[in-house]
Amino acid sequence: MVVCASALPQLHPLYMDHLCKPLHSHLVRMAYEGCTHHEEHAMEHLFALLPHDDQADLAAYYGLFGHQRCSLDDIAARHAEAPDEALARLNRSLRRLAVTPEWQMMASGQ
């Protein structure tokens, strides 16, 4: 499947450090290529480490776990906030997950 680079979710590069990039890439791959049941289940457990609203917003942003993919503007409107504020929340959530031992184990294939 060929995916236009502009169709991929883009997080502000300022917040995309060496810890977040692999998780972002993994979530994009899951959204566009699919994944095994085991991989999806493990990611659901990882997302459970976030508050419920943050889980839902991150899943909607990437289009995971049966959520329809939502734009940054849609997510911002849901919370009556500016898109920059929604982007900052998504980046914080991504960072929170990227630094967990659970993600580090998943990324290393354990």
Side-chain angles (χ1 to χ4, degrees):
M1 169 197 255
V2 177
V3 177
C4 175
S6 63
L8 300 177
Q10 298 295 315
L11 297 182
H12 194 282
L14 177 64
Y15 297 103
M16 193 66 66
D17 64 13
H18 71 283
L19 291 173
C20 294
K21 282 181 185 178
L23 178 56
H24 169 75
S25 296
H26 187 80
L27 294 173
V28 169
R29 184 188 60 75
M30 282 179 66
Y32 284 94
E33 297 176 8
C35 60
T36 66
H37 175 72
H38 174 74
E39 188 177 27
E40 182 175 358
H41 185 72
M43 193 57 68
E44 286 173 340
H45 278 281
L46 184 66
F47 270 53
L49 298 173
L50 295 171
H52 181 73
D53 284 347
D54 293 343
Q55 288 177 38
D57 290 342
L58 205 57
Y61 184 70
Y62 286 101
L64 300 173
F65 315 128
H67 287 86
Q68 183 169 341
R69 188 164 175 266
C70 293
S71 70
L72 186 59
D73 290 335
D74 293 338
I75 293 169
R78 196 180 302 160
H79 297 282
E81 63 189 6
D84 287 346
E85 294 171 21
L87 180 63
R89 281 189 317 95
L90 290 169
N91 278 305
R92 278 192 303 272
S93 295
L94 189 67
R95 175 73 178 175
R96 284 180 186 143
L97 295 180
V99 299
T100 63
E102 291 84 353
W103 165 247
Q104 297 301 318
M105 287 176 59
M106 288 172 66
S108 69
Q110 294 181 3

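Of all the heavy atoms in Ala86 and Leu72, the pair that sits closest is CB-CD1, 3.9 Å. Closest of all the heavy-atom pairs between Leu94 and Cys20 is CD2-CB, 4.1 Å. Minimum heavy-atom separation, Ser93 to Leu58: CB-CD2, 4.1 Å. Between Ile75 and Tyr61, the closest heavy-atom pair is CD1-CB, 3.7 Å. Here the closest heavy-atom approach between residue Phe47 and residue Leu27 is recorded as CE1-CD2, 3.9 Å. A pairwise comparison of heavy atoms in Ala31 and Gly63 identifies CB-O, 4.4 Å as the closest pair.
Hydrophobic clustering (ILVMFWY, side-chain heavy atoms < 4.5 Å, transitive): Leu23 and Leu49 are in one cluster. By the rule that hydrophobic residues join a cluster once side-chain heavy atoms approach within less than 4.5 Å of another member, Tyr32 and Met30 end up as members of one cluster.
No donor-acceptor pair under 3.5 Å is formed between the side chain of Glu102 and the backbone N or O of Leu46.
Every pair passing salt bridge (Lys or Arg N to Asp or Glu O under 4.0 Å) that includes a residue from residues 35-54 is listed here, sequence neighbours excluded: Arg29-Glu39, Asp54-Arg89, Asp54-Arg96.
In this structure, NZ on Lys21 lies 9.0 Å from OG on Ser25, to the nearest 0.5 angstrom. Note that CZ of Arg92 is 13.0 Å distant from CG of Leu97, once rounded to the nearest 0.5 Å. Distance check, rounded to the nearest 0.5 Å: CZ of Arg78 to CG of Asp73 gives 12.0 Å. Between Leu64 atom CG and Gln55 atom CD the span is 12.0 Å, to the nearest 0.5 Å. From Cys70, atom SG reaches atom CD of Gln68 across 6.5 Å, with rounding to the nearest 0.5 Å.
Side-chain contact of His41 with His37: a donor-acceptor pair under 3.5 Å is absent, judged by distance alone. Side-chain atoms of His24 and Tyr62 form a donor-acceptor pair, as typed in the model, at a separation below 3.5 Å.
Evaluated for a side-chain hydrogen bond (donor to acceptor under 3.5 Å, both in side chains) with Asp57, the options His79, His52, His67 yield exactly one hit, His79.
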Yes or no on side-chain contact (heavy atoms from CB on, under 4.5 Å) for Gln104 and Leu19, after CA distance, side-chain angles and deciding distance?
CA-CA 9 Å; Gln104 297 301 318; Leu19 291 173; 4.2 Å; yes

